[in-house]
Amino acid sequence: MADSSYCIKVVCRVRPLNGKEKAAGNSFVVGFPTTNVVTVGNKTFQYDSVLRHDSTQEQVYTATAQPLVKDVLSGYNATIFAYGQTSSGKTHTMEGDLDDVNMRGIIPRIIYDLFDQIYEMDSNLEFHIKVSYFELYMEKVRDLLDITKVNLPIHENKQKVPYVKGVTERFVTVPEEVLATIEEGKSNRHVSVT
Ligand SMILES: Nc1ncnc2c1ncn2[C@@H]1O[C@H](COP(=O)(O)OP(=O)(O)OP(=O)(O)O)[C@@H](O)[C@H]1O
């Protein structure tokens, strides 16, 4: 991040017990002694920050991705990825419910924020926004917007920024076009797990 001394931030989001876990009689065993520490039993884990099980989608966005939108518009690159075991809440966090404003996850919130900030900028500036959507499956890059493109190569440009050669790039002008592109690509995903 541009305004921070760290390039990488690690945030831990804890999800509440789901119905199955409650039905099985499990109890919630995660503790939050400070804003950046979680405990599980006698084990302690420290992060840059911790989002409790009762955090809203908005709070998650504000604490993680929102500052990056400004950085990106200032010319920096940013990557956000979710890591966790199956059913830990990656899709809920990153995507959420696209049709419910309160339940939207990080990706749709970034999209709307990005466009909002661009609309507020100098109208003499011209922006071109392109979207790609691909998955890594069995070590191969598959283009989710053109399923005939499988095993695409990853290269670096002169600035050492990696890119997927030949991947489909869609020009988009409004947030809804990005969401429609996500919906289109999702139906081509090889596996529902991420
Ligand atoms: N913070 C949360 N609050 C409420 N429900 C949640 C939360 N996180 C996840 N869930 C619910 O738990 C279930 C599993 O979450 P999700 O599908 O996001 O997991 P995942 O990590 O993407 O799993 P997979 O790797 O299997 O795709 C979903 O029904 C989701 O709505």
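Ligands are counted one by one from 1 in listed order, and the atoms in each one are counted from 1 as well. The structure presented is a predicted model; accordingly, all values stated were derived computationally and were not measured. Computed over heavy atoms, backbone and side chain alike; hydrogens, waters and symmetry mates excluded.
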Closest to atom 12 (O) of ligand 1 (judged by heavy-atom distance), picking from Lys90, Arg15, His92
Arg15

Looking only at distance, does Val14 have an N or O less than 3.5 Å from an N or O of ligand 1?
no

Is there a nitrogen or oxygen of Thr86 sitting under 3.5 Å from a nitrogen or oxygen of ligand 1?
yes

Taking heavy atoms and a distance under 4.0 Å, where does His53 meet ligand 1: side chain, backbone, both or neither?
neither

Of Val60, Ile111, Leu68, the residue whose pairing with Ile106 passes side-chain contact (heavy atoms from CB on, under 4.5 Å):
Val60

Find all atoms of ligand 1 within a distance of less than 4.0 Å from any non-hydrogen atom belonging to Gln85, and give their numbers and elements.
21 (O)

Donor-acceptor pairs under 3.5 Å, side chain of residues 119-134 to any protein atom, not counting sequence neighbours: which ones?
unit_1	atom_1	unit_2	atom_2	d
Asp122	OD1	Asn124	N	2.8
Asp122	OD1	Asn124	ND2	3.3
Glu126	OE2	His128	NE2	3.1
Lys130	NZ	Glu169	OE1	3.1
Ser132	OG	Thr168	O	2.9

Heavy atoms only, cut-off 4.0 Å: how does Ser55 contact ligand 1, side chain, backbone, both, or neither?
neither

Using a 4.0 Å cutoff against the non-hydrogen atoms of Arg13, which atoms of ligand 1 qualify?
1 (N)

Taking C-beta and beyond as the side chain, do Arg15 and Glu21 meet within less than 4.5 Å on heavy atoms?
yes

Extract all donor-acceptor atom pairs below 3.5 Å that involve side chains of residues 157-164 and protein atoms in other chains or at least two apart in sequence.
unit_1	atom_1	unit_2	atom_2	d
Asn157	OD1	Gln159	N	2.9
Asn157	OD1	Lys160	N	3.1
Asn157	OD1	Val161	N	2.9

Of all the heavy-atom pairs spanning Arg109 and Arg104, show the shortest one and how long it is.
NE-O, 2.7 Å

Under 4.0 angstrom from ligand 1, any heavy atom of Gly84?
no

Run the salt-bridge test on Lys186 and Glu95 with the 4.0 Å N-O cut-off and return the result as yes or no.
yes

